[in-house]
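Okay, so here's the structure we're looking at.
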Amino acid sequence: MNYLIAFLVGGAICALVQILMDNTKLMPGRIMVILVCAGTVFGALGWYEPFAKWAGAGATVPLLGFGNTLFKGVRDAIDAEGFIGLFKGGFTASAVGISAALIFGYIASLIFKPRMK
C-alpha cells in the first residue's frame with residue numbers, strides 16, 4: 001500500500017507541474033523554483049512532515065522534498081550555531097544529494113557522450 005500511495009502522490013505532483021507547464025507561460029526552471037520554495041514554505045508551516053509521513057517517497061523525492069530539506073538544514077543550523085547557520089545550514093543538509101547528482105551526471109556524460117544541439 002505504501003508503494004501505491006507514493007506512486008499516486010508523486011504522480012499527482014508531476015501532473016500538477018505538467019498542468020502548469022501546459023496552461024501557463026512559466027518556463028520549467030521557474031516551476032522548479034516554485035516547487036523548491038513551496039517545499040520550504042510547507043516545512044516552515046509544519047505541513048510537510050505529516051504529508052511526507054503519509055506519502056513516503058512520493059513526497060520526499062520530488063523538488064518539494066529538496067525545499068523541505070533546505071529548510072530543515074537552515075533551521076537546525078540556526079538553532080546550533082546562530083546567525084551563521086542561515087548561510088551554511090542548507091548546504092550541509094543537502095550536500096549528499098547535490099554531490100550524488102553531480103557525480104552521477106558526470107558518469108552519465110562519460111557513458112553517453114552528450115553533444116550540444
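The model shown is predicted, which means the values in this text are computed figures rather than measured ones.
Hydrophobic clustering keeps Ile103 apart from Phe66 (ILVMFWY residues linked when any side-chain heavy atoms are closer than 4.5 Å, directly or through intermediates). A chain of hydrophobic side-chain contacts below 4.5 Å, direct or via other Ile, Leu, Val, Met, Phe, Trp or Tyr residues, connects Ile98 to Leu63. Cluster annotation: Trp54 is connected to Leu8 through the hydrophobic network of ILVMFWY side chains, with a link wherever side-chain heavy atoms come within less than 4.5 Å. Hydrophobic cluster membership differs between Leu16 and Phe51, with clusters built from Ile, Leu, Val, Met, Phe, Trp and Tyr side chains linked at under 4.5 angstrom. There is a path of hydrophobic side-chain contacts, each under 4.5 Å, that joins Ile107 to Phe112.
The structure places CZ of Arg30 at 13.5 Å from CE of Met21, a figure rounded to the nearest 0.5 Å. Here CG of Asn68 is found 9.5 Å from OG1 of Thr60. Values are rounded to the nearest 0.5 Å. Leu64 contributes atom CG, which lies 10.5 Å from atom OG1 of Thr69 (distance to the nearest 0.5 angstrom). The CD atom of Gln18 sits 9.5 Å away from atom CG of Asn23, with the distance rounded to the nearest 0.5 Å. Summarising the geometry, atom SG belonging to Cys14 is positioned 11.5 Å from atom CD1 belonging to Ile19; distances are rounded to the nearest 0.5 Å. Put simply, CG on Leu4 and CZ on Phe7 are 8.5 Å apart, with the number rounded to the nearest 0.5 Å.
Smallest separation of non-hydrogen atoms from Ala93 and Gly73: CB-CA, 3.5 Å. The shortest heavy-atom contact between Ala59 and Ala52 is CB-CA, 4.1 Å. Nearest heavy atoms, Ala57 versus Ala6: N-CB, 4.2 Å.
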Leu35 and Met32: CA distance, side-chain angles, deciding distance, side-chain contact (heavy atoms from CB on, under 4.5 Å) verdict: CA-CA 5 Å; Leu35 289 171; Met32 290 170 53; 5.6 Å; no
Stepwise side-chain contact (heavy atoms from CB on, under 4.5 Å) test for Phe91 and Leu70: CA-CA 8 Å; Phe91 292 115; Leu70 290 174; over 6 Å; no
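Ring geometry, Phe87 versus Phe83: the interplanar angle exceeds 60°, so the pair is classed perpendicular (tilted spans 30 to 60°).
Sorted by first and then second residue, the ring-ring contact (aromatic ring centres under 6.0 Å, His included) pairs with a member in residues 8-42 read Phe42-Trp47; sequence neighbours excluded.
Checking side-chain atoms of Tyr48 against main-chain N and O of Thr40 turns up no donor-acceptor pair under 3.5 Å.
With a 6.0 Å radius and a threshold of 12 heavy atoms from other residues, nucleotides or ligands, Asp76 has its CG atom above the threshold.
Through direct or indirect side-chain contacts shorter than 4.5 Å among Ile, Leu, Val, Met, Phe, Trp and Tyr, Val96 is connected to no other residue.
Within the 4.5 Å cutoff, the side chain of Phe71 has no heavy atoms near those of the Val41 side chain.
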